Amino acid sequence: MRIIIAFGAMALALSCSKDAETVDTEYPVIDGNFAGAFPQQCGTVRRGETFVFRAKFSDNVALGSFSLDVHDNFDHHSHSTEVEACDMGPVKEAEAPFKYIKSFDIPGAPKTYEAEVAIAVPADVDPGDYHFLMRVTDREGWQTLRGLSIKIE
Amino acid sequence: MNKQNKLVIVILVGFTFFTWVGCNKDEAPAVNKPKIEGLEVGYNNDRIAHPGSDLHLDAAILAPGGIASITLSIHPEGEAGWEFEREYTEGYEGLKNTDFHEHIDVPADAAEGEYHLHLTVTDQLGNTVEAESHLDIVAGDHDHDHDHDHDH
């Protein structure tokens with residue numbers, strides 16, 4: 001009988017816990033569909049004013065960082081991740097396009113985070129069609145990109 | 001020891017062996033090699049660039065082993081012409097997936113002709129994957145993107 005118990009213990013010891021080796025393969029999530037989320041698809045921001053970017057991010061394990069990238073879309077270009085077009089102005093040349101590229105660390109590796117960033121749009125930039133891209137990366141390195149088309153008036 | 005106990009021992013030895021083998025498999029999970037999908041060269045993937053303008057590039061990269069670097073190289077099909085090589089790590093290193101989106105300035109004196117473009121992704125385990133494309137550098141009138149500092 002002791003032998004049986006000994007083998008049972010050995011079997012348990014040699015097998016390993018699968019839970020400890022679970023690999024995180026889930027992408028973080030960007031939520032822009034709540035009251036107060038800004039900007040919205042096809043939304044407008046004004047030159048010479050400061051707007052506040054607001055979105056909620058979440059991840060199954062831990063969030064790491066996010067970045068914002070606002071650039072002109074005067075050439076009607078595309079991104080591999082669908083950025084839906086709005087009612088766009090004609091293709092034109094950029095003279096003084098607004099450009100904003102910045103990365104932010106999300107401290108404390110939380111599962112959810114509400115981002116709030118004030119972005120000042122100078123009065124002398126080109127008005128027109130712009131892309132507003134947000135990238136959120138979890139601690140594991142999975143990245144989610146969400147792109148909006150907006151207008152600067 | 002009776003017959004029944006012997007049988008139980010045989011079963012347990014077998015069980016122990018299987019759990020041990022099973023464990024070994026789990027310990028070294030195969031990490032998938034990197035992938036490049038939907039490489040877009042030029043607007044609407046027209047594979048055309050103009051001297052003095054910029055070349056739009058876009059690709060979805062998946063690297064479960066974590067991106068170590070992304071290398072872009074452009075060279076002429078013939079012997080002479082414009083050569084470009086750049087390694088991108090900033091903003092990409094450590095990511096397991098990303099949208100590679102870059103605009104490459106094509107110098108105004110780049111020779112017209114047929115070119116070849118290679119995009120190589122190396123992950124942190126040393127695995128690499130390459131995507132390639134043909135590229136024509138053509139002078140002349142174009143619809144968009146005349147130049148200026150427009151390199152997002």
Side-chain angles (χ1 to χ4, degrees), chain A residues 1-18 20-25 27 64-65 67 69-81 83 90-97 99-101 103 126 130-131 133 135 137-147, chain B residues 1 5-6 8-24 26-27 29 31 37-40 42-45 53-54 56-67 90-101 103 124 143-152:
Chain A
M1 197 57 185
R2 266 189 222 149
I3 297 173
I4 296 172
I5 294 166
F7 270 114
M10 213 166 122
L12 272 176
L14 287 174
S15 70
C16 50
S17 152
K18 276 187 181 161
E21 306 215 353
T22 305
V23 179
D24 174 20
T25 56
Y27 287 31
S65 61
S67 67
D69 176 345
V70 187
H71 57 254
D72 74 82
N73 185 26
F74 303 158
D75 54 23
H76 296 181
H77 66 264
S78 59
H79 291 266
S80 64
T81 306
V83 180
V91 169
K92 66 173 183 180
E93 283 187 41
E95 278 168 23
K99 193 177 207 174
Y100 179 93
I101 297 174
S103 297
D126 295 345
Y130 282 80
H131 276 163
L133 305 185
R135 294 180 177 86
T137 308
D138 69 12
R139 292 276 163 197
E140 191 70 26
W142 297 110
Q143 187 175 73
T144 296
L145 167 68
R146 183 162 185 257
Chain B
M1 201 182 280
N5 265 2
K6 271 189 189 165
V8 170
I9 288 168
V10 168
I11 291 168
L12 279 176
V13 169
F15 179 68
T16 307
F17 179 72
F18 278 117
T19 54
W20 180 61
V21 169
C23 176
N24 280 359
D26 289 345
E27 262 178 350
V31 172
E37 282 171 348
L39 172 63
E40 194 176 283
Y43 289 94
N44 303 314
N45 202 23
S53 180
D54 64 2
H56 155 101
L57 290 175
D58 201 294
I61 291 172
L62 184 67
I67 294 170
E90 201 189 330
Y92 295 116
E93 201 173 0
L95 296 178
K96 296 198 167 183
N97 72 292
T98 193
D99 168 42
F100 177 80
H101 185 95
H103 282 237
Q124 290 169 341
D143 300 323
H144 40 231
D145 229 311
H146 287 261
D147 69 307
H148 305 290
D149 51 343
H150 175 201
D151 57 340
H152 59 259

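Labels below follow one simple rule: chain letters A, B, ... track the order of the sequence lines, proteins then strands, and each chain is numbered from 1. In this text, all values refer to a predicted model and were calculated from it rather than measured experimentally.
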Novice: Roughly how far, to the nearest 0.5 Å, is CG of A:Asp138 from CG of B:Leu95?
Specialist: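 Those atoms lie 9.5 Å apart.
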Novice: How long is the gap from CG on A:Leu145 to CG on B:Asn97, to the nearest 0.5 Å?
Specialist: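 A:Leu145 CG to B:Asn97 CG: 9.5 Å, rounded to 0.5 Å.
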Novice: Hey, could you give me the CG/CG distance between A:Asp75 and B:Asp54, rounded to the nearest 0.5 Å?
Specialist: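 So the CG of A:Asp75 and the CG of B:Asp54 are separated by 7.5 Å.
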Novice: Using heavy-atom distances under 4.5 Å, tell me whether B:Leu39 contacts chain A through its side chain, its backbone, both, or neither.
Specialist: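 Neither part.
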Novice: Taking atom NE2 of B:His101 and atom NE2 of A:His131, what is their separation to the nearest 0.5 Å?
Specialist: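 Rounded to the nearest 0.5 Å, the NE2-NE2 separation comes to 8.5 Å.
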